[in-house]
Amino acid sequence: MNKEIHQHSNLLNITNLHANIGDKTILKGLNLQVNAGEVHAIMGPNGAGKSTLASVIAGRDKFTVTQGGITFKNKNLLNLSVEERASEGVFIGFQYPVEIPGVSIAGFMRAAVNEQRKYKGLDPLSIFEFQALMEEKQKLVGLTDKLAGRSVNEGFSGGEKKRNEIFQMAMLNPDLAVLDETDSGLDIDALRVVAGGINAFRSKHNAIIVITHYQRLLDYIVPDIVHIMVNGKIIQSGGKELALELEKTGYAEYE
Ligand SMILES: Nc1ncnc2c1ncn2[C@@H]1O[C@H](COP(=O)(O)OP(=O)(O)O)[C@@H](O)[C@H]1O
Ligand SMILES: [Mg+2]
């Protein structure tokens, strides 16, 4: 395969996306193209619709797409279920991760990894293969065996939830990861660990969209492209310097 073409292959293509919750329009004509090998940052004030965008990409059904479309690896993403999207290689780390009482991280991940393998026509991992994968990926974010044995997100601190999120991402090895406010509530040490896990995951073959209100995270995860999202659409895009400008001016001039 031509390496040049492969490196620049389009993963996600969002055109003129409009989405509602109930009868309230939140996304109002959003365009975004993400290629393999790229890290994009989406920044914007509270209420801009950043988390809504993550939910629409994930396929959460409380949001309705009323106009425009999303393709992922040239497939119409909007025709796929939440599970199919995940199996196709879309991972969403939510701002407010759900708790799953009674299901351990290890058990949850084993089911998730094997479901994805089944979708791809692969045999499930043996318990030994799975444990080896767990160990390798746990190290990335310093997730302990004790934490991996606990119910998913139940009683986790903010830092533990975000570590778990990056661990899950590393286990599933998606083509596209959308990380919503991964930096929120993290002290500087936890931020470094989480950013280190994200950077280790970064490759020519995948893409990451980092959603963040603050510039701070981007000191650790240096984006290729920065977008400013206001009132349901992207109003400006640029290089990493755009995030630094924004840090100085704030969002006031965009609102
Ligand atoms: N479940 C919901 N019900 C009603 N309105 C919602 C819901 N979720 C989000 N919104 C509204 O959608 C808008 C965008 O929210 P959100 O996507 O969370 O923005 P951001 O992540 O950029 O802060 C806000 O005005 C918010 O109040
Ligand atoms: Mg949000």
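Just so you know, ligand 1 is whichever comes first in the structure, and atom 1 is the first atom listed for that ligand.
Under the 4.0 angstrom criterion for non-hydrogen atoms, Gly49 is in contact with ligand 1. At a 4.0 Å cut-off, at least one heavy atom of Lys62 sits close enough to ligand 1 to count as contact. Under a 4.0 Å heavy-atom criterion, Gly22 is not in contact with ligand 1.
Atoms of ligand 1 lying under 4.0 Å from at least one heavy atom of Asn46, given by number and element, are 23 (O). When each atom of ligand 1 is checked for a heavy atom of Pro45 under 4.0 Å away, the hits are 22 (O).
The nearest heavy-atom contact from the protein to atom 15 (O) of ligand 1 is Thr52 OG1, 3.9 Å. Scanning the protein heavy atoms around atom 23 (O) of ligand 1, the nearest turns out to be Gly47 N, 2.7 Å. Scanning the protein heavy atoms around atom 18 (O) of ligand 1, the nearest turns out to be Ser51 CB, 3.7 Å.
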Evaluate the side chain to side chain donor-acceptor pair (under 3.5 Å) criterion for residues Asp145 and Gln138: first the C-alpha distance (whole Å), next the side-chain angles of each, then the deciding distance (0.1 Å), finally the verdict. CA-CA 8 Å; Asp145 287 343; Gln138 277 179 235; 3.1 Å; yes
Determine, step by step, whether Asp219 and Gln215 satisfy the side chain to side chain donor-acceptor pair (under 3.5 Å) criterion, reporting the C-alpha distance in whole Å, the side-chain angles of both residues, the deciding distance to 0.1 Å, and the verdict. CA-CA 7 Å; Asp219 288 336; Gln215 197 273 333; 3.3 Å; yes
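By the criterion of a heavy-atom distance under 4.0 Å, neither the backbone nor the side chain of Ser55 is placed next to ligand 1. With a heavy-atom cut-off of 4.0 Å, Lys24 touches ligand 1 through its side chain alone.
There is no path of hydrophobic side-chain contacts, each under 4.5 Å, that joins Tyr214 to Val193. In the hydrophobic clustering of ILVMFWY residues, with side-chain heavy atoms under 4.5 Å counting as a link, Ile42 and Ile225 come out apart.
Considering backbone and side-chain N/O atoms, Ile21 never comes within less than 3.5 Å of an N/O atom of ligand 1. For ligand 1, the polar-atom distance check against Ile26 finds no nitrogen or oxygen pair separated by under 3.5 Å. Note: no N/O pair closer than 3.5 Å links Phe63 and ligand 1 by distance alone.
The existence of a salt bridge linking Arg216 and Asp183 is excluded, since no basic side-chain nitrogen approaches an acidic carboxylate oxygen closer than 4.0 Å.
In the displayed structure, Tyr119 atom OH is contacted under 6.0 Å by more than 12 heavy atoms of other residues, nucleotides or ligands. The number of heavy atoms from other shown groups lying within 6.0 Å of CG (Asn76) is above 12. Under a cut-off of 6.0 angstrom, the local environment of NZ in Lys161 is crowded, with over 12 non-hydrogen atoms contributed by other residues, nucleotides or ligands. No more than 12 heavy atoms of other residues, nucleotides or ligands lie within 6.0 Å of NZ in Lys240, so this atom counts as exposed by the packing criterion.
Side-chain atoms of Ser237 never come within 3.5 Å of backbone atoms of His227 as a donor-acceptor pair (strictly under, hydrogens ignored). Of the possible donor and acceptor atoms, one in the side chain of Lys73 sits under 3.5 Å from a partner among the backbone N and O of Glu88.
With a cut-off of 2.8 Å, the protein N/O/S atoms near the Mg ion (ligand 2) add up to 2.
The CD1 atom of Ile166 lies 5.0 Å from the OG1 atom of Thr182; values are rounded to the nearest 0.5 Å.
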